[in-house]
Amino acid sequence: MFVSNTHPDYNASLEAIDRETLGPDATDRVARVLAQRTTDGTTPLHTLPALAREFGVAAVHVKDEGARLGLGSFKALGGAYAVIVLVLEEAARRLGRRVDVTELRTADVRAVAATLTFTCATDGNHGRSVAQGAEFVGAKSVVFVHGGVSEERVAAIARFGAEMVRVAGNYDDSVAEAARVAETRGWTVVSDTSWPGYERIPGLVMQGYTLMLREALAQMQAQPTHVFVQAGVGGVAAAVAGQLAILFGDKRPKFVVVDPARAACVYESAKANKPVRIAHGEPTVMAMLECYEPSRVAWRVLGRVADGFMTVDEDDAVAIMRRLAKPAAGDPPIVSGESGGVGLAGLVRLCKHAELREKLGLGAAARVLVFNTEGATDPKQYEALVGLSPAQVLAQRH
Ligand SMILES: Cc1ncc(COP(=O)(O)O)c(C=O)c1O
């Protein structure tokens with residue numbers, strides 16, 4: 001359920017390419033791009049004093065990505081950002097000059113974008129982001145989904161004008177099909193996972209995620225001592241952990257990666273000291289984390305800077321959704337989807353083990369930061385699991 005990092009490169013500095021991808025200059029660029037999309041896209045940071053008291057820590061902060069850019073998850077920052085950067089680069093190439101992000105709306109740049117098609121495979125949230133980015137710049141998008149993706153999630157992507165393609169089989173089959181069709185049609189694959197020889201675009205996707213940590217640090221009065229982030233392919237965990245290492249070096253917070261026990265590819269990679277592909281098991285309720293092989297770039301970062309890796313069970317994920325929806329007095333109710341509260345579920349689980357707490361220095365002075373990575377991105381499923389609609393949860397705030 002928990003392993004410490006024993007990777008041979010643990011505590012080695014990040015590779016130059018990863019420092020460039022996740023460093024402060026990169027986050028500046030993300031902020032500039034985001035400013036084109038919205039006037040204030042900052043998401044709230046909630047503080048949960050009752051939960052902190054119950055688990056014997058000084059503070060628990062939840063950065064609430066459910067509100068991100070109207071897309072329901074932090075993924076709004078990644079895929080859409082990558083699409084925008086790629087359009088700017090292609091425009092610069094074709095126009096033979098530097099093209100600034102402020103030119104996105106000009107006829108010249110839109111004419112270039114109109115010739116481009118972006119594609120990806122998705123469980124839901126990433127595809128929504130790619131589709132939204134393509135619509136924003138005036139490009140086309142084609143999104144591949146496997147049989148397990150709900151109709152609600154498909155509709156939420158299609159509303160951004162994406163052509164949707166259902167693929168028989170599982171997520172891996174949809175990834176393979178997207179890559180195959182893209183190759184024959186000359187489309188650009190914007191994947192949130194990387195593999196040998198395909199790192200730059202997933203790196204841009206991760207770069208987009210760095211903005212949420214910058215915002216959270218600015219919203220906190222003191223630096224966190226511990227950070228827990230859930231993992232699918234590990235991209236968001238690596239974006240946060242890598243950026244913390246760049247900003248704080250040896251003084252960085254302790255960082256724990258949290259995987260669903262049923263799809264624990266990052267955890268198993270930590271045990272094996274190298275990225276491993278795990279066998280498909282039963283599906284997990286943490287649908288967005290159901291991944292069977294870590295992203296190479298993400299693993300390269302996490303192997304160096306994450307301190308621990310752990311798993312949580314199905315019940316842990318559902319219990320945290322309910323707990324956040326109906327909190328103890330004094331804590332704000334938070335709408336957290338099936339994969340959203342998994343970092344916090346990791347904290348809760350770890351707090352029950354005195355020895356592990358001691359090992360991580362998770363004591364009375366700890367200030368913990370977690371990310372609610374999604375709101376109710378599938379509202380029907382949310383209500384079935386929590387017993388309240390998202391609106392009913394939020395109504396308790398007043
Ligand atoms: C809500 C949510 N949380 C966490 C993750 C995990 O992100 P990653 O695959 O980068 O580890 C995802 C991925 O889709 C997600 O949608």
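When a ligand or atom number is given, it counts from 1 through the structure's own listing order.
A salt bridge links E15 with R304: the closest approach of a Lys/Arg side-chain nitrogen to an acidic carboxylate oxygen falls below 4.0 angstrom. The existence of a salt bridge linking E103 and R97 is confirmed by a sub-4.0 Å separation between a basic side-chain nitrogen and an acidic carboxylate oxygen. The pair K326-D331 does not count as a salt bridge, with every side-chain nitrogen at least 4.0 angstrom from each carboxylate oxygen. A salt bridge links D100 to R98: one of the charged nitrogens lies within less than 4.0 Å of a carboxylate oxygen. The pair R300-D9 does not meet the salt-bridge criterion, since no charged nitrogen lies less than 4.0 angstrom from a carboxylate oxygen.
Residue, atom and distance of the protein heavy atom nearest to atom 7 (O) of ligand 1 are V236 CG1, 3.5 Å. Protein heavy atom in closest approach to atom 9 (O) of ligand 1: V233 N, 3.0 Å. The protein non-hydrogen atom at the shortest distance from atom 3 (N) of ligand 1 is T373 OG1, 2.8 Å.
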* **Step-by-step side chain to side chain contact (heavy atoms under 4.5 Å, CB included) determination, V57 to R367** => CA-CA 7 Å; V57 293; R367 293 182 304 276; over 6 Å; no
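Of all the atoms in ligand 1, the ones that sit under 4.0 Å from a non-hydrogen atom of G235 are 8 (P), 10 (O), 11 (O).
Under the 4.0 angstrom criterion for non-hydrogen atoms, A231 is in contact with ligand 1. Residue-ligand proximity: L289 is placed with a non-hydrogen atom under 4.0 Å from ligand 1. Using a 4.0 angstrom heavy-atom cutoff, K75 counts as in contact with ligand 1. Assignment of F74 to the shell around ligand 1 is supported, since a heavy atom sits closer than 4.0 Å.
For the pair N125 and ligand 1, the shortest N or O to N or O distance falls below 3.5 Å. Between A237 and ligand 1, no N or O atom pair is found at a separation short of 3.5 Å. Where the criterion is an N or O separation shorter than 3.5 Å, residue side chain and backbone included, G232 meets it with respect to ligand 1. Inclusion of E374 in the set of residues having an N or O under 3.5 Å from an N or O of ligand 1 is not warranted.
Under the 3.5 Å distance criterion, with hydrogens and angles disregarded, no donor-acceptor pair is assigned to the side chains of Y198 and R296. With hydrogens and angles left out, the side-chain atoms of R94 and T115 include a donor and acceptor closer than 3.5 Å.
If you look at T377 next to ligand 1, there are no close heavy atoms at all, none under 4.0 Å.
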